[in-house]
Each structure stands twice: as C-alpha cells, then as structure tokens.
Amino acid sequence: MELDHYDPGAFYDEMFESRGATRPETTLLAQRLRSLADAEVRARQTAAERALLARGITFNVYGSDAGTEKIFPFDLIPRVVPSGDWRTIERGLKQRVHALNLFIGDIYNKGRILDAGVVPRSLIESAKGYLRPCQGILPARDVYCHIVGTDLVRDRDGQFYVLEDNLRCPSGVSYVLENRRVMKRTFPQVFDQLKVRPVDAYPSKLLETLQSLSRASSPTVVVLTPGIYNSAYFEHSFLAQQMGVELVEGRDLVVRDGRVHMRTTRGLMPVDVIYRRMDDTFIDPVELRRDSMLGVPGLLDVYRHGRVALANAPGTGVADDKVIYTYVPQIIEYYLGEKAILPNVPTYRCEDPKALQYVLDHTDELVIKAANESGGYGMLIGPHASSAEVAEFREKVRANPREYIAQPMLALSRVPTISDEGLAGRHVDLRPYVLYGEDIYVLPGGLTRVALRPGSMVVNSSQGGGSKDTWVLAEEGSC
Amino acid sequence: MLSRVADAIYWMNRYVERAENVARFVDVNLHLALDFPEAHSEWEPLIATTGDASAYRERYGAATRDDVIRFLTFDRDNPNSICMCLSKARENARTMREFISSEVWEQVNRAYWMVTEASKSGAALDSPHDFFTNVKQASHLFVGTMYLTMTHNEGWHFGRLGRLLERADKTSRILDVKSHMVEPGREDVPTPSDELHWSALLRSASAFEMYRKAFGNVVPAKVIEFLLLDDRFPRSVLYCLKKSERSLHAITGTQSGRWTNRAERELGRLNAELAYAEMKEVLARGLHRFIDDLQLRMNHVNDSIAETFFAVAAHDEGRPRTLPPLSRAE
C-alpha cells in the first residue's frame with residue numbers, strides 16, 4: 001500500500017508528522033500497511049463490510065424510507081492513540097466525570113454551587129434536561145452518571161478538547177467492540193507486536209457497574225429499549241446479550257406493589273436495576289412526559305423510594321445542556337479544587353450580550369449549536385454554510401440567545417482513510433467510555449468516528465460518518 | 001423468560017419452517033411439471049397448500065409456473081411467501097437478539113439476505129432448483145444451529161414447539177391436496193400417473209426414501225399412514241405432535257400424562273387419538289374430513305399456547321405492538 005504520497009495537509013495527522021514521516025508510535029503499523037497490496041486491502045475492506053452486514057451490525061436512519069437499516073461504514077485503517085496521550089485522557093475523564101457527578105447530586109439536592117453563584121440558578125431551571133420531579137432523590141452510592149461517553153477532538157496543535165459530555169445514554173460502544181472483532185478477523189496480521197490494549201472487558205465491567213447499584217445479593221438487571229425501530233437498537237440487544245440479561249421494552253414492565261416487575265411466561269418477576277436506553281423524559285408517563293408510549297407508568301416513584309435503580313439516573317441530561325457545559329472547568333474547580341486536565345473548546349454563551357454581539361458579527365466564521373440538540377442536528381458550520389443559512393441562524397440566535405452557543409471552527413485531526421483516490425486524510429473525533437459504579441473506569445479504547453466526505457468535519461452516523469478501530473497502545477515495558 | 005420473547009422465538013421458528021415447506025413443495029412441483037408438461041392445473045394445488053388460493057386468483061388469475069413461483073417466493077404482498085416468512089423470522093429474531101445465540105441470529109440474517117439477493121438477481125426463476133435447495137438448507141442450518149448453540153431451556157422448547165406445530169400443519173396440508181384421490185368408494189388401484197403423484201407427494205415431505213425403506217411400493221393408503229401416523233419419521237404429523245407435547249411439558253414441568261392448562265390438555269388428547277388411530281377409520285371417515293378436523297384442533301392448540309404463555313404481553317392496555325423511535329442516538 002502506497003503511503004509515501006499521502007498528504008497530511010495542514011492538520012494534525014494521527015499517523016504522520018509530515019509527508020512520508022510517520023509518528024514513532026505508528027511506524028510499525030505503517031510498515032505493515034506498506035507491505036500489503038492495494039487490491040488486498042480493498043478485498044479486506046469489502047470482506048469487513050460484508051461481515052458487519054452478516055452480523056446485522058446496523059443502525060436505523062430516521063426519515064429515510066429506502067432500506068432504513070444500514071451498516072455504520074467501517075474503515076480498515078485504525079486510529080492509534082499513543083500511551084502518553086491516553087494517560088492524560090484517562091486522568092482528565094476521571095476528574096471530569098467525578099466533578100460532574102457531584103454537580104448533578106448537588107443541584108438536585110442542596111444546590112450549594114448555585115448558592116455560591118458559580119453556576120447561575122436560572123440556567124439550571126431553564127435547562128431542558130433538568131427534571132423537577134427528580135429533586136431530592138438520592139440514588140445508590142450517590143452516583144447519577146454511571147455510563148458516560150465524552151466526545152473529544154484534537155485540534156491543529158495536537159491538544160485534545162472536550163466537545164460534549166453525553167451523560168444521558170451515550171451510544172456507540174457496541175461498535176467499539178464489534179469493530180475490533182471484525183478487524184481481528186479480516187486483518188489479523190497488522191496487530192502483531194503492536195501491543196494494542198484489549199476492549200473486551202467492557203460488558204463485564206458494565207454488568208458489575210449495574211449490579212453495584214443494588215443491595216440484592218444477585219440483582220436482576222435489565223436493559224430497557226424503545227424497541228427495534230430505535231436507531232441504536234442493535235446496541236441495546238448487543239449489550240443485553242453480552243451481559244446475559246433480559247432486553248425489555250416498556251410494555252414488558254409493570255409496577256405492582258411498589259416494585260417494578262417484568263412479565264414472563266411464569267407471571268411477574270421483580271427487577272432490581274434498569275439500564276435505560278431511552279431519553280429520561282420518556283421513562284414514566286405519570287410523572288414525566290404524559291404522551292410517552294415507551295415508558296412504565298409509576299417507575300419514577302418506585303425509583304424515588306429506592307426500590308429500583310436506574311442507570312443513568314433520570315435528570316443527568318441537565319449537564320448535557322451546551323451552556324452548562326461551558327461551566328464545567330469552574331465546576332471541577334469548585335468541587336475538586338483542581339484545574340481541568342482536559343480543556344473545553346472555547347465557547348461563546350449567546351445569552352451574554354457581549355458574546356451575542358460577537359457571534360452575530362462573526363456568524364460565518366463560527367460553529368453555532370443549539371444548547372439541547374445532539375447527533376449533529378440544530379447546528380450551523382459558519383464557514384461551510386450558505387449566506388441564507390447564516391442569516392437564518394442569526395435570526396434564531398437573536399430570538400432565543402439562551403438556547404445557543406458558538407465555538408471557533410476547530411481543525412479536527414485527521415487519519416489516513418481508504419477512499420476512491422487511494423489513502424486520504426479524513427477528520428475524526430474520539431468518544432471514550434467511562435463507567436462509574438464502585439469507582440471510575442475508563443475503557444482503554446473508544447469510538448473513532450470519521451467524516452468520510454472529503455473536507456467534512458461532521459462525523460455523526462446520521463450525516464455520512466463512519467468509524468475506525470481505535471488502538472490505545474500499552475505503556476512501554478508492559479504487555 | 002419474557003412472554004414477548006417466548007412469543008418471538010415461537011414465531012421465528014414457525015416462519016423458518018414455513019419457508020422451508022414452501023420451498024420444498026414448489027421444488028417438487030417443478031420436477032413433476034417436467035413429466036406432465038401440458039398440465040397447467042398442477043400449479044393450482046400448490047397455492048391451495050399454503051392456504052392462499054383466493055389472494056392469488058385476485059392478483060394473478062390463472063395459475064402459471066412463473067406466477068406461482070413469484071407469488072410463493074418473492075411476493076411481498078403474500079404474507080406466506082418465502083421472502084416474507086424469512087423477513088418476519090428475522091424481525092422476530094431482531095426483537096430478541098440478546099436471547100438467541102449470535103450464531104442463530106446470523107443464520108436467520110444470512111437466509112434473509114440470500115433470498116433478498118435472489119429476488120433481485122432473478123436467480124430463483126433461472127435456476128429454481130438451486131434456489132429452493134438453498135432455502136431448505138438455510139432452514140436445516142437454522143435448526144442445527146438452534147440445536148447446537150443454545151441451551152435446551154424454556155426458550156429453546158418454545159422454538160421447537162413452534163417449529164413442530166408448523167411442520168405438522170404443513171404435512172397435513174400436503175396430504176389434503178391429494179385427498180380427493182382417495183375418497184371412499186374410489187378404486188384403490190393406482191394408475192401409473194397416480195403413482196407419480198403420490199411419489200411427488202412423498203418427496204414434498206422429503207419422505208420418499210424413508211417411505212421406500214418402510215413400505216416398498218407406493219400405495220396411497222400406506223403413503224397416508226406414513227405421513228400421518230408414523231411415530232419416527234420427523235415430518236409425520238404424529239411425530240411432530242408427540243415431540244411438541246414433550247416440549248410443552250418441558251416448559252411447564254408437568255408430568256407426562258397429566259395436564260395443568262388448556263394447551264396441554266388439547267395437545268395430549270389429540271396425540272392420544274392419533275397414536276391409537278387406524279388407517280381403516282381414517283379412510284372410512286374420509287381423508288379430507290379427517291384432516292380438516294386435525295387442522296382445526298391444531299389451531300386450537302396454537303391459540304391455547306398463545307393464551308397461556310404469551311397473552312401477558314399481548315393484551316397490554318391496548319398498546320400498539322411496535323412503536324416509532326423517540327430518542328435519537330447521541
């Protein structure tokens with residue numbers, strides 16, 4: 001495979017320092033790739049895609065009729081994370097999740113950080129993810145966010161930034177496990193001697209985390225899914241299967257005598273822990289969204305009385321509000337007395353009049369995001385947008401500044417990717433997964449999403465993104 | 001286990017079995033048609049076997065080779081076409097991927113894609129025998145994979161129950177199509193063309209070779225006896241119902257010979273009657289009437305199973321069975 005003509009461009013390239021010169025950590029991988037014939041790489045790429053389809057590793061695309069089931073495009077060239085970078089990421093994520101968890105517990109109880117004026121009270125009360133019915137609830141071990149998938153990006157200077165925290169129900173971890181599996185199956189020779197850290201422990205760690213939320217000696221854990229039409233249904237069933245627990249829909253559960261039960265062929269059976277993979281506002285039509293057909297009437301009250309555990313706790317979405325995100329460095333400092341190890345992307349809060357003016361004057365240079373949207377929806381990439389789109393967004397921001405933030409256009413790092421014109425640089429992000437049960441665990445790996453369209457920086461699966469296997473390398477001297 | 005999952009594994013198995021049966025009798029009929037090239041009407045009974053004759057006539061009119069194959073194989077508006085059976089088997093499998101083994105899921109998924117590809121490429125009409133062989137093998141692989149990669153627990157038994165009840169139903173329907181040839185009073189001396197038909201019927205149930213070993217010459221009454229009352233041939237009605245009863249008892253833990261719910265009682269009674277039936281009686285009563293009654297009672301068993309084990313999920317405050325997505329992937 002030809003690597004010498006690969007152009008790293010004016011970006012941070014995860015494999016090359018400059019044209020023809022690999023980074024020390026990727027030299028061995030590059031050697032392996034060079035020794036492979038192009039035709040062979042293409043054949044293996046096809047084989048990998050066929051394997052994903054055969055295993056039914058697909059996601060559903062909303063609003064598209066033709067073949068709603070698609071495989072998440074997979075690129076064979078892995079993304080390497082050197083052990084030194086990983087050490088910083090791991091420490092930074094532990095610190096961040098620790099602080100965010102204290103923050104959520106605080107705002108749903110005493111509200112000390114609000115009294116201290118570090119985070120404005122009005123901001124919390126106006127956040128869409130803030131659930132008033134959860135006020136005063138104390139979950140097991142005081143842990144609210146058990147499963148977190150933080151989005152990181154690397155800028156031109158090589159620095160990692162936190163883009164989003166994703167404390168509700170982050171998806172994608174099944175692709176981390178399945179990509180690795182497909183990679184090992186179709187491309188075994190590239191692994192040799194590279195000391196890639198395994199990711200297989202995730203389902204066991206997840207199960208331990210969920211079990212730790214109940215005092216029962218062998219708690220009954222279930223995964224709650226909205227059903228087969230949900231875009232992440234494959235992942236819901238995959239995780240339930242890998243943990244060996246039941247996958248339930250709302251209609252399989254019922255509240256009786258102060259407990260949650262599932263309907264089985266032998267009658268009702270009590271449930272201790274629910275890993276909910278639906279938006280928290282849908283889990284209980286009695287206290288939350290009344291129009292929810294997916295939830296379980298009375299669930300929240302059972303939870304309030306500590307007779308069922310929910311992961312993640314309802315109400316964690318408050319910290320996913322992109323305006324509240326801007327306060328995370330202060331939140332870390334307030335609770336832990338430490339500086340944030342992983343910085344935020346510099347962000348303008350449009351509710352601040354000065355910032356608003358700047359954003360309105362520079363809309364075409366900035367990335368503007370709705371505070372409560374995700375999945376690449378409700379977003380304007382100024383430099384790539386038409387002037388009509390820019391004008392439209394200006395109006396939206398002016399009408400409702402609280403609901404918008406703006407960030408400078410980052411130059412996301414790139415990884416060599418197989419394209420029609422041979423190997424080409426494509427932009428990537430990185431989503432590591434963090435579990436918080438008895439302690440905080442960071443899976444040594446993550447989902448590398450790649451924008452497959454040339455020049456695009458939007459990596460979401462719903463917007464033409466694909467994924468790559470992510471290789472976190474073991475420390476030197478370890479194995 | 002969850003009632004919903006029990007329901008799904010039961011139906012996944014029924015649908016795969018149904019697809020295999022359709023493939024088998026279309027394939028046999030193709031061979032037979034080569035021996036009777038002028039007899040167009042031979043395609044008619046095929047549609048009767050799957051119980052969709054009126055739906056067919058409405059859409060296609062006369063029963064011709066290509067139309068019948070299309071209708072039974074790829075027609076997405078025919079709920080019993082091979083394509084739709086495998087599609088529904090796969091939908092059921094998707095709702096319980098965590099419950100079945102990955103191997104079982106992959107097998108159902110692969111079978112679905114094989115048929116989908118064949119419907120696009122036209123392979124089924126170009127080389128139908130290869131295509132139908134693939135469908136049969138996909139089903140056999142499915143059964144073997146279920147057997148070898150899943151614990152033989154409650155869920156597995158619900159699967160086997162569905163598969164065997166489906167098979168018993170299909171074997172009885174294959175027989176029913178020929179029932180007019182053995183009406184009481186008709187000469188019981190087969191003509192050479194009768195023999196071809198009865199041999200074809202045995203082949204439709206993959207029973208020809210095994211029948212030969214048991215009885216030698218192809219004699220209608222013996223063929224009927226073999227397919228209805230043999231207790232060791234895996235496609236005979238009695239064999240299927242006996243094994244179904246065992247699975248049912250494995251699920252409930254009820255001792256054999258006793259019953260604790262309607263499904264057990266109905267299936268047990270039906271089995272006892274078949275086990276002690278004589279061919280003389282069957283023929284005296286009229287094969288068609290006998291089979292009609294048999295099918296009615298097998299349908300009751302199916303309904304009782306649903307009521308006893310799946311109903312907790314089905315009658316759930318009138319909610320629709322599937323719902324649109326509400327949370328987006330982050």
Side-chain angles (χ1 to χ4, degrees), chain A residues 53-56 59-60 62 149 151 164 166 168-172 223 226-252 254 262-268 277-279 281-282 289 292-294 297 320 373-375 377 460-462, chain B residues 1-10 90-114 116-117 151 154-155 157-158 251-253 261 305 308-330:
Chain A
L53 196 63
R55 289 178 56 76
F59 69 96
N60 299 338
Y62 301 138
D151 286 341
E164 291 181 11
N166 296 321
R168 284 169 291 183
C169 24
S171 60
V223 177
I228 62 166
Y229 296 108
N230 185 268
S231 70
Y233 177 75
F234 160 69
E235 176 156 307
H236 307 162
S237 63
F238 175 85
L239 291 174
Q241 181 183 52
Q242 296 296 310
M243 291 191 289
V245 305
E246 301 279 1
L247 177 69
V248 302
E249 297 176 21
R251 62 196 164 104
D252 295 324
V254 63
M262 54 183 169
R263 302 166 198 265
T264 78
T265 53
R266 287 152 207 262
L268 299 181
R277 289 297 303 256
M278 60 174 73
D279 213 66
T281 52
F282 285 94
R289 280 186 67 146
S292 170
M293 309 273 272
L294 303 170
D320 281 347
E373 291 268 8
S374 60
Y377 296 92
N460 304 85
S461 57
S462 50
Chain B
M1 69 185 294
L2 286 177
S3 297
R4 178 176 55 79
V5 173
D7 181 63
I9 198 166
Y10 178 88
R90 179 169 176 271
E91 284 295 283
N92 276 296
R94 281 190 76 200
T95 65
M96 51 164 181
R97 280 184 63 171
E98 81 297 346
F99 185 83
I100 54 181
S101 66
S102 305
E103 288 89 346
V104 168
W105 157 253
E106 281 181 40
Q107 181 51 30
V108 176
N109 194 35
R110 216 176 288 126
Y112 168 79
W113 285 112
M114 185 267 291
T116 308
E117 292 295 314
T151 305
E154 190 185 0
H157 281 292
F158 271 114
I251 289 164
T252 56
N261 59 54
I305 289 169
T308 310
F309 302 103
F310 313 150
V312 217
H315 304 299
D316 190 9
E317 293 121 39
R319 288 184 193 181
R321 191 179 153 81
T322 45
L323 293 157
L326 284 162
S327 76
R328 278 183 190 148
E330 282 173 32

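Numbered from 1 within each chain, the chains take letters A, B, ... in sequence-line order. Basis for what follows: all heavy atoms, side chains included, without hydrogens, waters or symmetry-related copies.
- Interface remark: B:Gln107 contributes no atoms to any contact with chain A (heavy atom separation under 4.5 Å).
- With a threshold of 4.5 angstrom between heavy atoms, B:Ser101 approaches chain A through N, CA, C or O but not through any side-chain atom.
- Pairing each heavy atom of A:Tyr229 with each of B:Glu91, the nearest pair is OH-OE1, 4.0 Å.
- With a threshold of 4.5 angstrom between heavy atoms, A:Val223 does not approach chain B through any atom at all.
- The closest side-chain heavy-atom distance from B:Arg94 to A:Ser237 is not below 4.5 Å.
- Taken to the nearest 0.5 Å, the CZ atom of B:Arg4 stands 5.5 Å off from the CZ atom of A:Arg251.
- Taking chain B as the reference chain and counting heavy-atom pairs below 4.5 Å, the highest number among A:Met243, A:Met262, A:His236, A:Arg266 is found for A:Arg266.
- Residues B:Leu2 and A:Leu247 approach most closely at CD1-O, 3.5 Å, considering heavy atoms.
- Using a 4.5 Å cut-off between heavy atoms, B:Tyr112 does not touch chain A at all.
- One finds the OG atom of B:Ser102 at 6.5 Å from the CD atom of A:Gln242 (value rounded to the nearest 0.5 Å).
- No donor-acceptor pair under 3.5 Å is formed between the side chain of A:Thr265 and the backbone N or O of B:Ser3.
- Interatomic distance, A:Gln241 CD to B:Phe99 CZ, rounded to the nearest 0.5 Å: 11.0 Å.
- Nearest heavy-atom pair across B:Met1 and A:Glu246 is CA-OE2, 4.2 Å.
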